[in-house]
Amino acid sequence: MSYHQLLNQLEELGLKNMRETLPDYLDTIIKENLNFVDAFSELTTKELSFRKEERDKLRLQRSNLPFQKKVNDFDFNFQPQINKNEILDLCSLRFMDTADNILFIGNSGVGKTHLAISIALEAMEKEKSCYFALSNELVERLSKAHKRGTLESILKKYIGYDILIIDEVGYLPFSQDGANLLFQLINRRYEKKSTIITTNIPLSQWATVFKDKKLTNALIDRLIHHSKIIQINGKSYRMKDYKENKQAALTTSK
(Lines give C-alpha, C1' and ligand atoms only; values in the text may rest on other atoms or scores of the structure.)
Protein backbone atom coordinates (compact mmCIF):
# COMPACT_ATOMS: atom_id res chain seq x y z
CA MET A 1 0.00 0.00 0.00
CA SER A 2 2.80 2.48 0.92
CA TYR A 3 4.66 1.77 -2.35
CA HIS A 4 1.66 2.45 -4.59
CA GLN A 5 0.68 5.42 -2.48
CA LEU A 6 4.19 6.82 -2.97
CA LEU A 7 3.93 6.38 -6.75
CA ASN A 8 0.61 8.22 -6.75
CA GLN A 9 2.01 11.02 -4.61
CA LEU A 10 5.04 11.47 -6.85
CA GLU A 11 2.72 11.75 -9.83
CA GLU A 12 0.48 14.22 -8.01
CA LEU A 13 3.51 16.33 -7.09
CA GLY A 14 4.57 16.41 -10.73
CA LEU A 15 7.79 14.48 -10.10
CA LYS A 16 7.43 12.67 -13.41
CA ASN A 17 10.94 11.37 -13.84
CA MET A 18 11.20 10.25 -10.24
CA ARG A 19 7.87 8.43 -10.59
CA GLU A 20 9.11 6.56 -13.67
CA THR A 21 12.57 5.86 -12.24
CA LEU A 22 11.57 4.64 -8.79
CA PRO A 23 10.46 1.04 -9.59
CA ASP A 24 13.77 0.06 -11.20
CA TYR A 25 15.80 2.17 -8.80
CA LEU A 26 14.34 0.36 -5.79
CA ASP A 27 16.02 -2.80 -7.08
CA THR A 28 19.33 -0.93 -7.14
CA ILE A 29 18.78 0.32 -3.59
CA ILE A 30 18.18 -3.21 -2.34
CA LYS A 31 21.01 -4.77 -4.36
CA GLU A 32 23.64 -2.18 -3.40
CA ASN A 33 22.29 -1.61 0.09
CA LEU A 34 22.18 2.16 -0.38
CA ASN A 35 21.27 4.33 2.59
CA PHE A 36 18.26 6.62 2.42
CA VAL A 37 20.20 9.87 2.00
CA ASP A 38 22.32 8.57 -0.90
CA ALA A 39 19.34 7.00 -2.64
CA PHE A 40 17.12 10.06 -2.23
CA SER A 41 19.94 12.35 -3.34
CA GLU A 42 20.43 10.40 -6.57
CA LEU A 43 16.71 10.32 -7.29
CA THR A 44 16.35 14.07 -6.81
CA THR A 45 19.49 14.73 -8.89
CA LYS A 46 17.99 12.72 -11.76
CA GLU A 47 14.72 14.60 -11.39
CA LEU A 48 16.47 17.97 -11.54
CA SER A 49 18.48 16.87 -14.58
CA PHE A 50 15.30 15.70 -16.30
CA ARG A 51 13.56 19.01 -15.59
CA LYS A 52 16.50 20.98 -16.99
CA GLU A 53 16.44 18.89 -20.18
CA GLU A 54 12.71 19.59 -20.53
CA ARG A 55 13.26 23.33 -20.01
CA ASP A 56 16.09 23.30 -22.54
CA LYS A 57 13.89 21.58 -25.12
CA LEU A 58 11.08 24.06 -24.58
CA ARG A 59 13.44 27.04 -24.72
CA LEU A 60 14.91 25.79 -27.99
CA GLN A 61 11.45 25.12 -29.43
CA ARG A 62 10.31 28.65 -28.58
CA SER A 63 13.46 30.29 -29.97
CA ASN A 64 12.34 29.89 -33.61
CA LEU A 65 15.91 29.17 -34.74
CA PRO A 66 15.96 28.06 -38.40
CA PHE A 67 18.85 25.67 -37.69
CA GLN A 68 21.28 24.72 -34.95
CA LYS A 69 24.96 25.35 -35.62
CA LYS A 70 27.46 26.04 -32.88
CA VAL A 71 30.64 28.06 -33.06
CA ASN A 72 32.69 24.86 -33.38
CA ASP A 73 30.90 24.22 -36.68
CA PHE A 74 32.09 27.52 -38.13
CA ASP A 75 34.98 27.33 -40.62
CA PHE A 76 37.25 30.15 -39.48
CA ASN A 77 39.87 29.06 -42.01
CA PHE A 78 37.44 29.95 -44.80
CA GLN A 79 36.88 33.40 -43.26
CA PRO A 80 40.40 34.18 -41.95
CA GLN A 81 39.70 37.90 -41.52
CA ILE A 82 37.32 37.10 -38.64
CA ASN A 83 38.98 37.28 -35.23
CA LYS A 84 38.12 33.86 -33.77
CA ASN A 85 38.98 34.97 -30.24
CA GLU A 86 36.54 37.86 -30.58
CA ILE A 87 33.75 35.46 -31.55
CA LEU A 88 34.65 33.08 -28.71
CA ASP A 89 34.51 36.02 -26.32
CA LEU A 90 31.00 36.82 -27.56
CA CYS A 91 30.08 33.19 -26.90
CA SER A 92 31.18 33.71 -23.29
CA LEU A 93 28.14 36.05 -23.09
CA ARG A 94 30.05 38.85 -21.36
CA PHE A 95 28.28 41.31 -23.67
CA MET A 96 24.97 40.46 -22.00
CA ASP A 97 26.18 41.81 -18.65
CA THR A 98 26.03 45.34 -20.07
CA ALA A 99 23.19 44.69 -22.53
CA ASP A 100 25.51 45.27 -25.49
CA ASN A 101 24.25 44.65 -29.01
CA ILE A 102 26.03 42.74 -31.77
CA LEU A 103 25.97 43.74 -35.43
CA PHE A 104 27.18 41.31 -38.08
CA ILE A 105 27.71 43.18 -41.34
CA GLY A 106 28.65 41.48 -44.59
CA ASN A 107 27.53 40.09 -47.91
CA SER A 108 25.10 37.22 -48.24
CA GLY A 109 26.44 33.79 -47.34
CA VAL A 110 29.49 34.83 -45.29
CA GLY A 111 28.25 33.23 -42.05
CA LYS A 112 26.51 36.10 -40.24
CA THR A 113 23.42 34.10 -39.30
CA HIS A 114 25.50 31.06 -38.32
CA LEU A 115 27.50 33.14 -35.83
CA ALA A 116 24.39 34.85 -34.46
CA ILE A 117 22.72 31.48 -33.86
CA SER A 118 25.90 30.07 -32.30
CA ILE A 119 25.80 32.83 -29.69
CA ALA A 120 22.10 32.22 -29.06
CA LEU A 121 22.72 28.51 -28.50
CA GLU A 122 25.41 29.31 -25.95
CA ALA A 123 23.00 31.65 -24.19
CA MET A 124 20.23 29.06 -24.10
CA GLU A 125 22.61 26.55 -22.53
CA LYS A 126 22.91 29.13 -19.72
CA GLU A 127 19.10 29.18 -19.53
CA LYS A 128 18.72 32.55 -21.26
CA SER A 129 15.72 33.16 -23.49
CA CYS A 130 16.36 33.85 -27.18
CA TYR A 131 14.24 34.49 -30.25
CA PHE A 132 15.11 34.55 -33.95
CA ALA A 133 13.15 36.55 -36.51
CA LEU A 134 13.66 37.62 -40.10
CA SER A 135 13.49 41.41 -40.08
CA ASN A 136 10.65 41.76 -42.57
CA GLU A 137 8.58 39.04 -40.90
CA LEU A 138 9.11 40.73 -37.54
CA VAL A 139 7.99 44.09 -38.91
CA GLU A 140 4.96 42.47 -40.51
CA ARG A 141 3.93 40.95 -37.17
CA LEU A 142 4.35 44.30 -35.45
CA SER A 143 2.28 45.98 -38.17
CA LYS A 144 -0.54 43.45 -37.87
CA ALA A 145 -0.55 43.80 -34.10
CA HIS A 146 -0.68 47.60 -34.45
CA LYS A 147 -3.75 47.33 -36.70
CA ARG A 148 -5.44 44.90 -34.26
CA GLY A 149 -4.69 47.11 -31.29
CA THR A 150 -2.42 44.52 -29.66
CA LEU A 151 0.92 46.21 -30.32
CA GLU A 152 1.79 46.71 -26.66
CA SER A 153 1.31 43.03 -25.95
CA ILE A 154 3.57 41.84 -28.76
CA LEU A 155 6.19 44.49 -27.98
CA LYS A 156 6.38 43.20 -24.40
CA LYS A 157 6.88 39.70 -25.76
CA TYR A 158 9.85 40.69 -27.91
CA ILE A 159 11.27 43.06 -25.30
CA GLY A 160 11.31 40.21 -22.79
CA TYR A 161 13.79 37.98 -24.61
CA ASP A 162 17.33 38.08 -23.22
CA ILE A 163 18.61 37.95 -26.80
CA LEU A 164 16.62 38.95 -29.87
CA ILE A 165 18.14 38.09 -33.26
CA ILE A 166 16.86 40.27 -36.11
CA ASP A 167 18.14 38.67 -39.29
CA GLU A 168 18.60 40.07 -42.80
CA VAL A 169 18.04 43.76 -42.14
CA GLY A 170 18.33 45.46 -45.51
CA TYR A 171 17.33 42.69 -47.89
CA LEU A 172 14.00 44.42 -48.39
CA PRO A 173 13.05 48.02 -47.51
CA PHE A 174 10.49 48.75 -44.79
CA SER A 175 7.42 50.93 -45.05
CA GLN A 176 7.48 54.15 -43.02
CA ASP A 177 5.11 52.67 -40.44
CA GLY A 178 7.09 49.43 -40.32
CA ALA A 179 10.34 51.30 -39.75
CA ASN A 180 8.75 53.27 -36.91
CA LEU A 181 7.51 50.08 -35.25
CA LEU A 182 10.93 48.44 -35.46
CA PHE A 183 12.44 51.56 -33.93
CA GLN A 184 10.01 51.31 -31.03
CA LEU A 185 11.14 47.75 -30.36
CA ILE A 186 14.85 48.58 -30.57
CA ASN A 187 14.37 51.68 -28.45
CA ARG A 188 12.60 49.78 -25.66
CA ARG A 189 15.28 47.07 -25.59
CA TYR A 190 18.02 49.72 -25.53
CA GLU A 191 20.36 49.31 -22.53
CA LYS A 192 18.07 46.61 -21.11
CA LYS A 193 18.49 43.55 -23.34
CA SER A 194 20.94 42.52 -26.06
CA THR A 195 19.91 42.51 -29.71
CA ILE A 196 21.85 40.78 -32.50
CA ILE A 197 21.46 42.25 -35.99
CA THR A 198 22.64 40.72 -39.25
CA THR A 199 22.70 42.93 -42.32
CA ASN A 200 24.10 42.85 -45.82
CA ILE A 201 24.44 46.62 -46.19
CA PRO A 202 26.74 49.08 -44.39
CA LEU A 203 25.22 51.33 -41.76
CA SER A 204 25.86 54.35 -43.99
CA GLN A 205 23.21 53.00 -46.40
CA TRP A 206 20.52 52.15 -43.86
CA ALA A 207 18.51 55.24 -44.74
CA THR A 208 17.59 53.54 -48.02
CA VAL A 209 15.99 50.74 -46.00
CA PHE A 210 14.19 52.84 -43.38
CA LYS A 211 13.34 55.72 -45.77
CA ASP A 212 13.76 58.30 -43.01
CA LYS A 213 17.17 59.75 -42.30
CA LYS A 214 16.26 61.11 -38.87
CA LEU A 215 14.73 57.82 -37.73
CA THR A 216 17.67 55.88 -39.21
CA ASN A 217 20.18 57.98 -37.28
CA ALA A 218 18.22 57.48 -34.05
CA LEU A 219 18.02 53.73 -34.62
CA ILE A 220 21.72 53.37 -35.44
CA ASP A 221 22.61 55.52 -32.43
CA ARG A 222 20.82 53.10 -30.09
CA LEU A 223 22.25 50.03 -31.77
CA ILE A 224 25.89 51.05 -31.81
CA HIS A 225 26.08 52.97 -28.50
CA HIS A 226 26.80 49.74 -26.65
CA SER A 227 27.72 47.30 -29.37
CA LYS A 228 30.17 44.89 -30.93
CA ILE A 229 30.40 45.38 -34.70
CA ILE A 230 31.72 42.43 -36.68
CA GLN A 231 32.47 43.24 -40.32
CA ILE A 232 32.79 40.14 -42.54
CA ASN A 233 34.27 40.74 -45.97
CA GLY A 234 34.91 37.13 -46.95
CA LYS A 235 33.59 34.77 -49.57
CA SER A 236 30.20 33.07 -49.59
CA TYR A 237 29.82 29.68 -47.92
CA ARG A 238 26.85 29.00 -50.13
CA MET A 239 28.90 29.54 -53.27
CA LYS A 240 31.65 27.36 -51.79
CA ASP A 241 29.16 24.55 -51.11
CA TYR A 242 27.64 24.98 -54.57
CA LYS A 243 31.02 24.63 -56.26
CA GLU A 244 31.96 21.62 -54.13
CA ASN A 245 28.65 19.89 -54.85
CA LYS A 246 28.96 20.66 -58.56
CA GLN A 247 32.49 19.27 -58.64
CA ALA A 248 31.39 16.17 -56.75
CA ALA A 249 28.55 15.61 -59.24
CA LEU A 250 30.92 15.96 -62.17
CA THR A 251 33.37 13.51 -60.59
CA THR A 252 30.60 11.00 -59.93
CA SER A 253 29.29 11.20 -63.49
CA LYS A 254 32.69 10.38 -65.02
Side-chain angles (χ1 to χ4, degrees), residues 63 71 81-107 110-120 122-124 126 128-139 141-142 151-152 154-233:
S63 68
V71 71
Q81 81 284 358
I82 296 178
N83 186 333
K84 183 177 180 180
N85 288 330
E86 186 175 21
I87 301 301
L88 293 177
D89 181 60
L90 293 175
C91 288
S92 76
L93 309 180
R94 286 197 311 122
F95 71 94
M96 296 182 68
D97 295 340
T98 48
D100 286 358
N101 300 316
I102 303 173
L103 280 73
F104 289 106
I105 305 173
N107 292 330
V110 295
K112 305 183 300 294
T113 302
H114 180 157
L115 292 174
I117 286 175
S118 296
I119 294 167
E122 293 293 333
M124 284 190 283
K126 302 297 187 298
K128 303 295 184 181
S129 60
C130 302
Y131 191 81
F132 176 98
L134 292 171
S135 61
N136 290 82
E137 291 181 359
L138 175 61
V139 168
R141 290 178 205 145
L142 293 174
L151 178 62
E152 185 62 26
I154 197 168
L155 280 174
K156 285 182 178 179
K157 171 187 173 182
Y158 291 127
I159 292 165
Y161 289 108
D162 295 316
I163 291 179
L164 176 64
I165 299 174
I166 305 178
D167 196 42
E168 297 187 351
V169 172
Y171 281 85
L172 293 171
F174 302 120
S175 67
Q176 183 68 55
D177 289 341
N180 285 325
L181 291 170
L182 184 59
F183 173 78
Q184 287 187 51
L185 175 58
I186 297 297
N187 186 48
R188 290 177 64 170
R189 288 181 61 84
Y190 174 58
E191 294 190 323
K192 297 182 179 69
K193 299 291 178 69
S194 295
T195 303
I196 301 178
I197 301 285
T198 75
T199 179
N200 67 323
I201 59 174
L203 298 178
S204 60
Q205 297 178 21
W206 272 29
T208 61
V209 177
F210 292 93
K211 300 180 179 179
D212 184 319
K213 189 172 182 179
K214 186 176 179 180
L215 181 145
T216 302
N217 290 337
L219 178 65
I220 292 175
D221 180 67
R222 283 156 179 77
L223 283 175
I224 68 173
H225 182 209
H226 303 290
S227 69
K228 312 290 184 183
I229 300 177
I230 311 296
Q231 181 77 45
I232 307 176
N233 298 312

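Along the sequence shown, residues carry numbers from 1. Computation of the quantities below employed the complete heavy-atom set of this structure, encompassing side-chain atoms and omitting hydrogens, waters and symmetry-equivalent molecules. Treat the numbers as computed from the prediction; the structure is a model and nothing was measured.
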Smallest separation among heavy atoms of Gly170 and Ile201, with atom names: CA-CD1, 4.0 Å

Distance check, rounded to the nearest 0.5 Å: Ile165 atom CD1 versus Ile196 atom CD1? 5.0 Å

May I ask you to test the Val110-Asn233 pair for a side-chain heavy-atom distance under 4.5 Å? no

With a 3.5 Å distance limit and no angle check, can you tell me whether Asn217 reaches the backbone of Lys213 through a side-chain donor-acceptor pair? yes

Determine whether a donor-acceptor pair (N or O, by modelled atom type, separation under 3.5 Å) exists between the side chain of Lys192 and the backbone of Ala99. no

Should Ile163 and Lys128 count as side-chain neighbours, where that means a heavy-atom distance under 4.5 Å? no

Under 3.5 Å, is there a donor-acceptor pair linking the side chains of Asp100 and Ser194? no

Which atom of Ile105 lies closest to which atom of Pro202, heavy atoms considered: CG2-CA, 4.3 Å

Indicate the atoms forming the closest heavy-atom contact of Gln205 with Thr208, along with that distance. O-OG1, 2.6 Å

Is any side-chain heavy atom of Leu142 less than 4.5 Å from a side-chain heavy atom of Tyr158? yes

Is there a donor-acceptor pair under 3.5 Å between the side chain of Asp162 and the backbone N or O of Cys130? no

Is the number of heavy atoms from other residues, nucleotides or ligands within 6.0 Å of NZ (Lys156) greater than 12? no

Find the distance between CZ (Phe132) and CG (Asp167) and round it off to the nearest 0.5 Å. 3.5 Å

Taking all heavy atoms of Ser227 and all of Leu223, pick out the closest pair and write down the distance. CB-O, 3.0 Å

Taking atom CG of Leu115 and atom CD1 of Ile87, what is their separation to the nearest 0.5 Å? 5.0 Å

Can you check whether Thr199 reaches Val209 side chain to side chain, under 4.5 Å on heavy atoms? no

Let me confirm one number: the CZ-CG distance from Phe210 to Leu219, rounded to the nearest 0.5 Å. 4.5 Å

Polar side-chain atom of Lys112 near backbone of Asn107 as donor-acceptor pair, under 3.5 Å: yes

Any side-chain heavy-atom pair of Asp89 and Lys228 under 4.5 Å: no

Donor-acceptor pair, distance only, cut-off 3.5 Å: does the side chain of Asn101 make one with the backbone of Thr195? yes

Does Ser135 reach the main-chain N or O of Glu168 with its side chain, forming a donor-acceptor pair under 3.5 Å? yes

Nearest heavy atoms of Leu93 and Ala123, plus distance in Å: CD1-CA, 3.6 Å

Taking the side chain from Lys193 and the backbone from Leu164, do they hold a donor-acceptor pair closer than 3.5 Å? no

The reported gap from OG1 in Thr216 to CG in Leu203 (rounded to nearest 0.5 angstrom) is 10.5 Å

Would you check if Ile154 and Arg141 make a side-chain contact, meaning some heavy-atom pair closer than 4.5 Å? yes

For the CD1 atom of Ile102 and the NE2 atom of His226, what is their distance to the nearest 0.5 Å? 14.5 Å

Exceeds 12 heavy-atom contacts within 6.0 angstrom, atom CZ of Arg188: yes

Kindly list each side-chain donor-acceptor pair under 3.5 angstrom involving residues 173-181, sequence neighbours excluded, with atom names and distances?
from: Ser175; atom 1: OG; to: Gly178; atom 2: N; distance (Å): 3.0
from: Gln176; atom 1: NE2; to: Asp212; atom 2: OD2; distance (Å): 3.3
from: Asn180; atom 1: ND2; to: Gln176; atom 2: O; distance (Å): 3.2

Using every non-hydrogen atom in the two residues, find where Tyr161 and Arg189 come nearest and quote the distance to one decimal. O-NH1, 2.9 Å

